[in-house]
Each structure stands twice: as structure tokens, then as C-alpha cells.
Amino acid sequence: MRNRDGNPARAAWLVLAALVVGMLAIAGCGGGGSSTSGGSSEEALQKVGKGEGQLNLISWAGYVEPEWTKPFEQKTGCKVSDKEAGTSDEMVELMKTGQYDGVSASGNATARLVAAGLVAPVNTDLVPNYKTVFSDLKDQPYNTFEGVNYGIPHGRGANLLMWNGNDVKPAPDSWDIMFDPKMAAKYKGKISVYDESSYIADAAMYLKFHEPKLEIENPYELNEEQFDAAIELLKEQQANVGEYWSEAAKQISAFAGGDVTVGTTWQYQYFALKGEGVPVAASPASQGFLPKEGATGWSDTWMIAKDAKHPNCMYEWMNWIISPKANAQVAEYFGEAPAQELACKETKNPNFCSEYHAEEPEFWKRVYYWETPLADCGNGEEDCMDYNDWVKAWTEIKG
Amino acid sequence: MGHRLAGLFQGRRRLQIGALLAGPVGWLVIGYLGSLALLLVAAFWSVDPLSGLTIKSFTLENFESLWNEPVYRTIVWRTIRTALLVTITDAVIAFPIAFYMAKVASRRGKALLVVGILLPLWSSYLVKVYAWRTLLSANGAINWALEPIGLHGPGYGTTAVWLVFSYLWLPYMILPIYAGLERIPNSLISASEDLGASPFTTFRRVILPLSFPAVVAGSIFTFSLTLGDYITPRLVSNDQFIGNVIYANIANNQPFAAALAMVPIVVMIAYLLVARKLGAFEHV
């Protein structure tokens, strides 16, 4: 056999070499152009017609639940099929597949979705319930681009500082406990930190308060000097970090198992740990308390895919999810402040809106909603660090 | 029609083999190597920072930043080091077990051991890692067991990663060594004894050389599985492995992630070449 077919090892090398040459050829002459389609100048929908009978959504866990989707399906005939995503990156990836009609995007995804031409403008006139959405959620930099509305606000919340009441005394009122080298050293190896590049904004927010000479305005718009200061702070913090968490289950098990005692968290883990009887306390909005520096947070927006196959159903959905009843249900289920003013009359807990400060614009001024870091900070110059810089720096911080 | 088709193949050996292999080979070349090649082509592209869309023109910038930034060297080295350490650990643990199974145990004992080794493979990878996470936790079983004698478990961290990987991939090391040892005729061992060799000499001069290719074959599994994993480091430590950095970049910077993916491929090719020199692919 060997004589007739030649040396198999040599043949294998030839195939490999051919593959490499072929690859380089494709890489080199991939058109030389760019597949970037840029911002969309498309017109928004002018009239909502009859539903298409189907609706494919991407959402955060807890945003699309039978309690409020069943009545929606009955009313509109649009059958809801939902795909839950765990991170903003995942949402952007899923939207690129073109299989979905809409997405509940946080502020660190919206600008990317618009820039990639994946979403279309929203004609808010076709969403009657939009009129009574809290005005401080309208026309914000994370949902409105160059004066064009790209989505419908869903709800908002602040990230929490959570600690184990048995180990951390007195109760902290500042992020010092995680960032100040002396204080954090007291809890060395017991600090729990969110494992995503967006956490750099938490450090920037801390510096905005404690290092005014850096002149940080928005923790998501950082020039090189400000960015380096935040990275420096996070590298110092790294020595004290017990665990970086990326999925909620991981953080819950770490708090429950005593591996960490203080950290940043979401309402979801706080509720879950309370439910398990772990003596955690937190700085939730529901207790009227934010650390003195403020907090990072989220304000989510329902966006419609540019090439949505079921645009009418998507408009029906955007109107439905901010209708007073449904918006109250989702806000209470998830533990966030509703976007709809009238939802405050529909909540099961009559004090829900005041506990979550839904109606207090002053409270939200100290909450820095997730945004996508862009090179252009609005001064027309490209002197800010962009999202890729953030991701790379985050790898470097963890080492 | 069926008859005519059968007639076509009648006596044409090349056509028979060609038709038989067309499906699987087509899958291998198009579905498997094709998608791999496409991924790697992306390593020479770049990305528009805002939209995350790829710019399809040739550039080496991904490899430059991979080379220039020390953090990636640290991560690559950490990954390779752990893979080697896990491989050595598994080889040391697996060899005596495989030897007992192949040469000492009764037929019944052998069957029990094979089942015992295969059993963990029936449960989900994630469940096993989470189980270790619970064991290693500050209030977990390991600390609870060690406390009375005044000791502490390793907790989460580099040691935990080594421990969990060694546990996870152990069966992949035992089985090839077991198969390799089974093939050594007992008569060779008797002959060695008859010629006056001590058991240690027999082991060193007869058993080890004959079974070494099997150890190398097993090491390919333990080494490559560790090299590509990113979930274990994420769940029981804060260490970043190559896979973790690929994961962090895949959504917004696929070209850079693809460039990173080249690293384990190159390492694995080098490893396989060495393994071939050591005879891992002979008599398989």
C-alpha cells in the first residue's frame, strides 16, 4: 500500500500546507472592504397592522414570563417564543443571527446594536403607553441616537453592595470596603466582584467621588488618564478579591458557603440568598439606600430588529410590556423600578414604587446606567477608551 | 433502477469505496476542517470597535498584540504548565490502577474496576465541577474533614484547578494504559523473571518500554482536554486560561479570539509531533 500511495505523513503535510495557503489567500483578499453597514437611516414603521401570529424575543431572565405573556398572546394572537441571554455580549451575538424580532437590551448593548445596523428606529407614536413612561427615561443617550428613538424603556435598577451581616460590621455605607486598599485588606480573599469589563465603570465611579482632580464626568466615558487610574485601582483590588463571579449561581454558592462576605451583586442573588436564610444585607433601592458614591445600574430598552419578520407583533409587544399591569408584574417579579408611571397603581405591594424609588428622579441621578464605552465621548475627538480596550484591560487586571 | 445501480457498482472496487466514504469524508472536510479553517482565517481580520462587525482585510495586529502584551504570555504559560502538571499527575495515578486491572485483578474485579472508572463519565461535566466547588468551599466537606487534625483544604485557586482537572481526566488516562498493558503477553514477564531479573528490573526494562506508547496516547487526552477547558478554572479559581480569554473576546472581537485559538492548535501540533516520535501512534 505504502509504495503505491506514497508516504502518508508527507501527504498529511501537503494537505496542511495547502490549507494554510488557502486560508491566507482568503484572509488577504476577503474583498479588502468592510462589512460594516453603519448606522441605519431607515424609516421607522408608520402603522401597526395585523399581528403576524408569531414573535421571537431575546430577553434577560425574568422579563418574559407566562404571567404576562399568556394574556398578550390571547389578546394579539402573537405567539411568544423567548430566548434568554446571560450577558449583553450574548444578546448582540444572538441579534446578529437575524432570527429575532426584538431584544431587551441594556445600555451596554444598545449603541453597539445601533452601530451594527441590527435594530431599527422605533416610532413611539405607535406605542400609546409610551406617553406615560417616566420622562427621565425618555430620550436618553442609551436609547436615542442622533435624536432618533431606538427603543422603549422597560425598567431600571441599581447594582447592589451586599455583605454578610455576621462578618461585616458595622454596615458599610460606601464602596470603600471593596476599593480602599486598607479597608479591603480586612476582607482579603473574601471580596466578590462582577466578572465583566463593565465593572471598570464601578472603579471609575468610585474615583469620580474620591479623586475629583481626575475630572471624571461619566464613568463610561474615560480618557486614557482616567482609564489608567481606574485600572490601577482594580489591580490593587485584585489582590483582595476572593472570587470574580459571572453567573448568579456561582455567587450564590460562594456567599452561602462562606467563601466570600462582601461584593457587588444584583437583586436576584440577594433575594435568593435571603430565601436560603443566609444572613446577607444589601444596599438595595428597596431600603432607600445607595452607597455614598452612588452605584452602577441598568436601564433596559426593548428594541426592534431591523429586519424583523414580525414587526407588528413586536410593536404590540412593546406597547404591552409597558402597559400598567404588565409593567407592574415584570417589575415586581424581577425586583426593579418600572418604566411606566401608571404601573405604580397596579403593583401587588402598594408601596413597591416608593420602595424602589421609581418616582424619584433625584435618586436615579446617582445611578450610572450601563453604557457602551465609545472612542468618541461626545467631544468629537476619538480620545476615549472604547469597548475593546475595556475588554483587553479586564483580561490584564485579572492577570 | 435498483438493479441498474447495483450493476454500476458491480466489480468496481474504487467506486464502492468512494461511495462508502463520500459521506463521512465530506463531513470531515467541509463540516469539520472547513469551519475550522474559516475560524482561523478570521484571525487575520480585524473588528470595527463600535459595531463589533469584522473588517475583512488582512492584518497581523491580533498576533502583534498577542505577542506584545505580557499578560497573554502569562496566561498561555499558565495553561500549558497546568496541562503538563495534570498529565503527569494522572499518569502517576493511572499507571498502578491500570496495571492492577490488566495483570493482577480477577475477572470479576477487573469488570468492577472498569465500571467504576467509566461511571463518572456518565454524569455531566458541569455537575462534577460544581460538586468539587461545593467540596472545596470554605464550609465544605474537605475543610470539615481536615479541621479535627488542624489542617485546611486548598480552597479555590490554582491548586483547586489542578485537583479538579486531575480528577476529571483520570479515566482518559487509565483506559489507554490498561489497553496497552493488556497487550503485553504474560510470557514476556515470566521470561524476564526466568532470566533472573528482579521485579523492578522487569518493570523498568520490559513493562515500561512496552507500555510507554500507551501512556503517551493517554497523555494526549489529558493534555489537550486541559488545554481547551475554560469552565473549571472559572468555577474553582480566578485563574485565566487561554479558553477564558477566547470566551471574553468571542462576542465583540472574533478575530482576536480566533488568533488566540491558534495558540492551543500550535501547541497541540507540537505535542502530537513529540508523541509520534515517542511511538504513541504505533500499534493503536
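Naming: A, B, ... by sequence-line order, numbering from 1 per chain. Below, each value reflects all heavy atoms present in this structure, side chains not excepted, and no hydrogens, waters or symmetry copies.
Under a cut-off of 6.0 angstrom, the local environment of CD in B:Q16 is crowded, with over 12 non-hydrogen atoms contributed by other residues, nucleotides or ligands. Within 6.0 Å of atom NZ in B:K128, more than 12 heavy atoms from other residues, nucleotides or ligands are found, so the atom counts as buried in its surroundings. Residue B:W162 places its CH2 atom among 12 or fewer non-hydrogen atoms of other residues, nucleotides or ligands, all under 6.0 Å distant. Shown here is B:E69, whose CD atom has more than 12 heavy atoms of other residues, nucleotides or ligands within 6.0 Å. For CD of B:Q254, the number of neighbouring non-hydrogen atoms (other residues, nucleotides, ligands) closer than 6.0 Å is 12 at most. A 6.0 Å sphere centred on CZ of B:F221 holds no more than 12 heavy atoms belonging to other residues, nucleotides or ligands. Annotation: B:I30, atom CD1; neighbour count of heavy atoms from other residues, nucleotides and ligands within 6.0 Å does not exceed 12.
A donor-acceptor pair under 3.5 Å is formed between the side chain of B:Q240 and the backbone N or O of A:T395.
Between chain A and the residues B:D239, B:N139, B:N249, the largest count of heavy-atom pairs under 4.5 Å involves B:N139. With chain B as the partner, the residue from A:D376, A:V260, A:N388, A:T87 showing the most heavy-atom pairs under 4.5 Å is A:N388. Counting heavy-atom pairs under 4.5 Å between each of A:S246, A:A254, A:S88, A:A375 and chain B puts A:S246 at the top.
Rounding to the nearest 0.5 Å places CD1 of B:I250 at 10.5 Å from CG of A:D89. Here the NZ-OG1 distance, from A:K398 to B:T74, works out to 14.0 Å after rounding to the nearest 0.5 Å. Separating the CZ atom in B:R234 from the CG atom in A:D195 is a distance of 6.5 Å, to the nearest 0.5 Å.
Only the side chain of B:I75 has a heavy atom closer than 4.5 Å to any heavy atom of chain A. For A:A256, the part lying under 4.5 angstrom from a heavy atom of chain B is the backbone only. In this structure, the portions of A:E243 lying under 4.5 Å from any heavy atom of chain B include both its backbone and its side chain.
Side-chain contact between B:N238 and A:V241 is present, with heavy atoms from C-beta onward closer than 4.5 Å.
Residues B:S65 and A:K392 approach most closely at OG-NZ, 3.7 Å, considering heavy atoms. Here the closest heavy-atom approach between residue B:A138 and residue A:K190 is recorded as CB-NZ, 4.5 Å. Of all the heavy atoms in A:K250 and B:S237, the pair that sits closest is NZ-O, 4.3 Å.
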